[in-house]
Amino acid sequence: QVQLVESGGGLVQPGGSLRLSCVASGTVFSVKNMAWYRQAPGKLREWVAVITSGGSTSYPDSVKGRFTISRDNAKNTVYLQMNTLKPEDTAVYYCHIQTSSYWGQGTQVTVSS
(Lines give C-alpha, C1' and ligand atoms only; values in the text may rest on other atoms or scores of the structure.)
Protein backbone atom coordinates (compact mmCIF):
# COMPACT_ATOMS: atom_id res chain seq x y z
CA GLN A 1 0.00 0.00 0.00
CA VAL A 2 0.98 3.61 -0.45
CA GLN A 3 2.72 5.22 2.50
CA LEU A 4 4.04 8.74 3.03
CA VAL A 5 6.23 9.34 6.06
CA GLU A 6 7.22 12.88 7.00
CA SER A 7 10.05 13.93 9.29
CA GLY A 8 12.05 17.00 10.19
CA GLY A 9 9.58 19.09 12.13
CA GLY A 10 10.35 20.72 15.44
CA LEU A 11 10.62 23.94 17.41
CA VAL A 12 12.53 26.81 15.83
CA GLN A 13 12.95 30.49 16.61
CA PRO A 14 11.58 33.15 14.28
CA GLY A 15 13.99 33.67 11.41
CA GLY A 16 15.26 30.12 11.64
CA SER A 17 15.18 27.26 9.16
CA LEU A 18 13.95 23.69 8.97
CA ARG A 19 13.99 21.04 6.29
CA LEU A 20 11.12 18.58 6.09
CA SER A 21 11.39 15.23 4.33
CA CYS A 22 8.72 12.88 3.05
CA VAL A 23 9.57 9.34 1.97
CA ALA A 24 7.06 7.62 -0.28
CA SER A 25 6.59 3.88 -0.74
CA GLY A 26 4.18 1.65 -2.60
CA THR A 27 3.92 3.96 -5.59
CA VAL A 28 5.83 4.96 -8.70
CA PHE A 29 7.15 8.11 -7.08
CA SER A 30 8.92 9.58 -10.10
CA VAL A 31 5.69 10.10 -12.09
CA LYS A 32 3.75 11.71 -9.25
CA ASN A 33 3.16 15.39 -8.67
CA MET A 34 3.91 15.96 -5.00
CA ALA A 35 2.84 18.66 -2.60
CA TRP A 36 3.22 19.97 0.91
CA TYR A 37 0.23 21.30 2.81
CA ARG A 38 -0.13 22.68 6.31
CA GLN A 39 -2.90 23.07 8.84
CA ALA A 40 -2.81 25.43 11.80
CA PRO A 41 -5.18 25.04 14.77
CA GLY A 42 -8.66 26.24 13.89
CA LYS A 43 -7.77 26.81 10.23
CA LEU A 44 -8.34 24.97 6.97
CA ARG A 45 -5.56 22.93 5.42
CA GLU A 46 -3.69 25.00 2.82
CA TRP A 47 -1.12 24.14 0.20
CA VAL A 48 2.38 25.56 0.56
CA ALA A 49 4.32 23.99 -2.31
CA VAL A 50 3.90 21.76 -5.33
CA ILE A 51 6.48 20.01 -7.48
CA THR A 52 5.55 18.22 -10.67
CA SER A 53 7.07 15.00 -11.94
CA GLY A 54 9.11 17.17 -14.29
CA GLY A 55 10.44 19.33 -11.49
CA SER A 56 8.35 22.47 -11.96
CA THR A 57 7.45 24.18 -8.70
CA SER A 58 4.83 26.60 -7.46
CA TYR A 59 4.10 28.37 -4.17
CA PRO A 60 1.47 30.65 -2.70
CA ASP A 61 2.50 34.22 -1.99
CA SER A 62 2.60 33.53 1.77
CA VAL A 63 5.73 31.36 1.44
CA LYS A 64 7.20 32.36 -1.93
CA GLY A 65 10.86 33.26 -1.60
CA ARG A 66 11.15 31.54 1.79
CA PHE A 67 10.18 27.91 1.08
CA THR A 68 11.70 25.60 -1.52
CA ILE A 69 10.32 22.23 -2.55
CA SER A 70 12.57 19.64 -4.18
CA ARG A 71 12.60 15.95 -4.89
CA ASP A 72 15.05 13.07 -5.16
CA ASN A 73 13.45 10.35 -7.26
CA ALA A 74 16.27 7.90 -6.48
CA LYS A 75 15.30 8.14 -2.80
CA ASN A 76 11.53 8.44 -3.33
CA THR A 77 11.73 11.58 -1.24
CA VAL A 78 10.31 15.08 -1.45
CA TYR A 79 11.75 17.89 0.66
CA LEU A 80 10.57 21.25 1.92
CA GLN A 81 13.31 23.70 2.85
CA MET A 82 11.81 26.44 5.00
CA ASN A 83 13.82 29.59 5.67
CA THR A 84 13.08 32.84 7.48
CA LEU A 85 10.35 31.13 9.44
CA LYS A 86 7.63 33.21 11.05
CA PRO A 87 5.28 32.43 13.96
CA GLU A 88 2.42 32.24 11.45
CA ASP A 89 4.17 29.28 9.80
CA THR A 90 3.35 27.22 12.89
CA ALA A 91 1.25 24.25 11.76
CA VAL A 92 1.22 20.54 11.12
CA TYR A 93 2.82 19.96 7.72
CA TYR A 94 1.58 17.16 5.48
CA CYS A 95 2.98 15.47 2.41
CA HIS A 96 0.49 14.64 -0.34
CA ILE A 97 0.37 12.91 -3.70
CA GLN A 98 -1.58 15.32 -5.89
CA THR A 99 -4.95 14.15 -7.19
CA SER A 100 -4.91 11.18 -4.84
CA SER A 101 -6.30 10.39 -1.42
CA TYR A 102 -2.86 9.72 0.04
CA TRP A 103 -1.52 11.87 2.86
CA GLY A 104 1.25 11.49 5.37
CA GLN A 105 0.66 11.54 9.10
CA GLY A 106 2.02 15.07 9.42
CA THR A 107 4.92 16.66 11.24
CA GLN A 108 4.59 19.56 13.67
CA VAL A 109 6.44 22.79 13.00
CA THR A 110 6.41 25.38 15.78
CA VAL A 111 7.98 28.80 15.30
CA SER A 112 8.33 30.58 18.60
CA SER A 113 10.85 32.44 20.71
Side-chain angles (χ1 to χ4, degrees):
Q1 70 278 21
V2 177
Q3 283 192 315
L4 300 171
V5 180
E6 301 102 333
S7 62
L11 173 64
V12 63
Q13 291 186 343
S17 298
L18 281 175
R19 188 175 82 153
L20 307 182
S21 300
C22 170
V23 179
S25 60
T27 185
V28 183
F29 177 79
S30 62
V31 303
K32 304 297 185 182
N33 296 338
M34 300 296 298
W36 286 96
Y37 284 69
R38 67 185 180 188
Q39 188 166 19
K43 294 189 176 181
L44 296 175
R45 192 170 295 189
E46 62 177 357
W47 73 282
V48 294
V50 172
I51 185 165
T52 69
S53 58
S56 298
T57 60
S58 59
Y59 310 89
D61 288 345
S62 57
V63 307
K64 194 175 294 182
R66 300 188 299 120
F67 290 12
T68 302
I69 189 171
S70 62
R71 65 191 299 158
D72 184 338
N73 290 337
K75 296 181 178 180
N76 283 5
T77 301
V78 61
Y79 303 98
L80 184 68
Q81 177 67 43
M82 305 185 293
N83 298 327
T84 319
L85 283 160
K86 305 175 181 180
E88 51 263 44
D89 295 318
T90 295
V92 178
Y93 284 70
Y94 298 91
C95 178
H96 176 55
I97 300 175
Q98 290 290 76
T99 67
S100 83
S101 60
Y102 299 112
W103 295 84
Q105 82 287 352
T107 185
Q108 175 72 46
V109 172
T110 303
V111 184
S112 175
S113 55

Next item on the list: Answer yes if Ile51 and Val5 sit in the same cluster of Ile, Leu, Val, Met, Phe, Trp and Tyr residues linked by side chain heavy atoms under 4.5 Å apart, and no otherwise.
Entry: no
Next item on the list: Ignoring hydrogens and angles, state whether a donor on the side chain of Ser17 or Asn83 is under 3.5 Å from an acceptor on the partner side chain.
Entry: yes
Note to self: Strictly distance-based, threshold 3.5 Å: is any side-chain N or O of Thr27 a donor or acceptor partner for the main-chain N or O of Phe29?
What the structure shows: no
Check: Where the side chain of Gln105 meets the backbone of Glu6, is there a donor-acceptor pair that is under 3.5 Å apart?
Finding: yes
Note to self: Before you tell me yes or no, could you show the steps for Gln39 and Leu44 under side-chain contact (heavy atoms from CB on, under 4.5 Å), namely the whole-Å CA-CA distance, both residues' side-chain angles and the distance that decides it to 0.1 Å?
What the structure shows: CA-CA 6 Å; Gln39 188 166 19; Leu44 296 175; 5.6 Å; no
Item checked: Test item: Thr107 and Leu20 side chains (from C-beta on) under 4.5 Å apart, heavy atoms -> yes
Notebook entry, point to check: Got a sec, which pairs hit disulfide (SG to SG under 2.5 Å) with one end in residues 56-92, sequence neighbours left out?
Noted result: none
Margin query: Holding to side-chain hydrogen bond (donor to acceptor under 3.5 Å, both in side chains), I want the full list of residues that pass it with Arg19, two or more places apart in sequence or in another chain.
Written below: none
Next item on the list: Output every pair passing ring pair (Phe, Tyr, Trp, His ring centres under 6.0 Å) with a member in residues 39-95, not counting sequence neighbours, ordered by first then second residue.
Entry: none
Next item on the list: Only counting residues at least two apart or in another chain, list the ones meeting ring-ring contact (aromatic ring centres under 6.0 Å, His included) with Trp103.
Entry: Tyr37, His96
Next item on the list: Please name the pair of heavy atoms, one in Pro60 and one in Val48, separated by the smallest distance, quoted to 0.1 Å.
Entry: CD-O, 3.3 Å
Checklist line | Thr99 vs Asn33 side-chain heavy atoms within contact, under 4.5 Å | finding: no
Next item on the list: Measure the shortest side-chain to side-chain distance between Leu80 and Thr68 over non-hydrogen atoms and say whether it is less than 4.5 angstrom.
Entry: no
Next item on the list: Enumerate the residue pairs fulfilling disulfide (SG to SG under 2.5 Å) with a member in residues 64-113, sequence neighbours excluded, ordered by first and then second residue.
Entry: Cys22-Cys95
Next item on the list: Using side-chain hydrogen bond (donor to acceptor under 3.5 Å, both in side chains) as the criterion, list what pairs up with Ser30, not counting sequence neighbours.
Entry: none
Notebook entry, point to check: Can you check whether Val111's main-chain N or O pairs, donor with acceptor, with Thr90's side chain at less than 3.5 Å?
Noted result: yes
Checklist line | Pairing residues for Glu46 by the side-chain hydrogen bond (donor to acceptor under 3.5 Å, both in side chains) criterion, not counting sequence neighbours | finding: Arg38
Notebook entry, point to check: Would you call Met34 and Arg71 a side-chain contact if the rule is heavy atoms closer than 4.5 Å?
Noted result: yes
Item checked: Results of side-chain hydrogen bond (donor to acceptor under 3.5 Å, both in side chains) for Asn76 - residues two or more places apart only -> none
Check: Do Leu18 and Val92 belong together in a cluster built from hydrophobic side chains that touch within less than 4.5 Å?
Finding: no
Item checked: salt bridge (charged side-chain N to carboxylate O under 4.0 Å, His left out) partners for Lys86, two or more places apart -> none
Check: Side chains of Arg66 and Asp89: does their closest heavy-atom pair fall under 4.5 Å?
Finding: yes
Checklist line | Non-neighbouring partners of Ser112 that pass side chain to side chain contact (heavy atoms under 4.5 Å, CB included), sequence neighbours left out | finding: Leu11, Thr110
Item checked: Residue pairs passing the disulfide (SG to SG under 2.5 Å) test where at least one lies in residues 30-94, sequence neighbours excluded -> none
Next item on the list: Report yes or no: do Val23 and Tyr102 belong to one cluster of Ile/Leu/Val/Met/Phe/Trp/Tyr joined by side chain heavy-atom distances under 4.5 Å?
Entry: no
Margin query: So which atom in Gln98 and which in Ala35 form the shortest heavy-atom distance, rounded to 0.1 Å?
Written below: OE1-CB, 3.5 Å
Next item on the list: State the NZ-OG1 distance between Lys64 and Thr57, to the nearest 0.5 angstrom.
Entry: 9.5 Å
Next item on the list: With sequence neighbours excluded, tell me which residues meet salt bridge (charged side-chain N to carboxylate O under 4.0 Å, His left out) with Arg45.
Entry: none
